[in-house]
Amino acid sequence: EAGVVQSPRYKIIEKKQPVAFWCNPISGHNTLYWYRQNLGQGPELLIRYENEEAVDDSQLPKDRFSAERLKGVDSTLKIQPAELGDSAVYLCASSKSGPSYNEQFFGPGTRLTVL
Amino acid sequence: QKEVEQDPGPLSVPEGAIVSLNCTYSNSAFQYFMWYRQYSRKGPELLMYTYSSGNKEDGRFTAQVDKSSKYISLFIRDSQPSDSATYLCAMSDNQGGKLIFGQGTELSVKP
């Protein structure tokens, strides 16, 4: 069974530029999560999707971040414009719904560097 | 104060040692407790998953939860160099889905 796929793995951009990250979850997982992990810290949830619906986006900085999961499968997270403080690893995770919410499977992440 | 506190280490032990990793938390609503292992430049990998208080064993790994003390532990027996990684504790309440992570403990097992 394929795991969570993310691309790109690495991205270096200048500040104020836009950037997008893509995630394809494990087949059959209805719930998709985007986390941000700063250096030396644990991941922090940005947004959670149940199928196409964003059910928790309370931690997403909506002035510059946006996300979509149009067909309830893969998802894109966008930052526009990027700031220096956005440098981090962006992790995508997926899980089955219900009691399996807490058994989340993570992708390898996209390491973003903003110069 | 963070909801979940974890000693960042780094922790260095010789091969074969017993390793104890710990987290404390402040939110009494947490019911689900996880331990993830994260190798350098990889995503976190779920190691152990427990519900409420008690112990759970899986091979060389044992997870303990003491809700009365708001304290969880992960023990690694007969540690191996391949166990060298960052270990993250994570917790959630009955709402499900939103994991709160500790900052991770970096472990190095020396041959």
Discussion item. I'd like to verify something: which residue of Leu46(B), Ile100(B), Leu99(B) has the highest number of heavy-atom pairs under 4.5 Å with chain A?
Written reply: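 Option with the top pair count is Leu99(B).
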Under a 4.5 Å heavy-atom cut-off, does chain B meet the side chain of [X], its backbone, both or neither?
X	result
Gln6(A)	neither
Tyr10(A)	side chain
Gln59(A)	side chain

Discussion item. Whether Glu3(B) and Lys70(B) form a salt bridge (side-chain N of Lys/Arg under 4.0 Å from carboxylate O of Asp/Glu) is what I want to check.
Written reply: no
Worksheet item: Between Arg111(A) and Arg9(A), is there a donor-acceptor pair closer than 3.5 Å when you use the side chain of the first and the backbone of the second?
Response: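 Side chain of Arg111(A) to backbone of Arg9(A), a donor-acceptor pair under 3.5 Å: no, none is there.
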Practice prompt. Please step through ring pair (Phe, Tyr, Trp, His ring centres under 6.0 Å) for the pair Tyr49(B) and Phe33(B), ending with a clear verdict.
Written response: CA-CA 6 Å; Tyr49(B) 173 35; Phe33(B) 304 91; 9.6 Å; no
Between [X] and chain A, with a heavy-atom cut-off of 4.5 Å, which part of the residue counts as in contact: side chain, backbone, both or neither?
X	result
Tyr36(B)	side chain
Leu88(B)	side chain
Gln38(B)	side chain

Item to complete: Run through Tyr35(A), Tyr33(A), Trp34(A) and flag the one making a ring pair (Phe, Tyr, Trp, His ring centres under 6.0 Å) with Phe106(A).
Response: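 Of the listed options, the one satisfying the test is Tyr35(A).
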Worksheet item: With a 4.5 Å limit on heavy-atom distance, are the side chains of Asp74(A) and Trp22(A) in contact?
Response: yes
Fill in: From CG (Asn55(B)) to CD (Gln64(B)), nearest 0.5 Å
4.0 Å
Item to complete: Between chain B and each of Pro43(A), Ser97(A), Gly40(A), Cys92(A), count heavy-atom pairs under 4.5 Å; write down the option with the most.
Response: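 Among the listed options, the one with the most contacts to chain B is Pro43(A).
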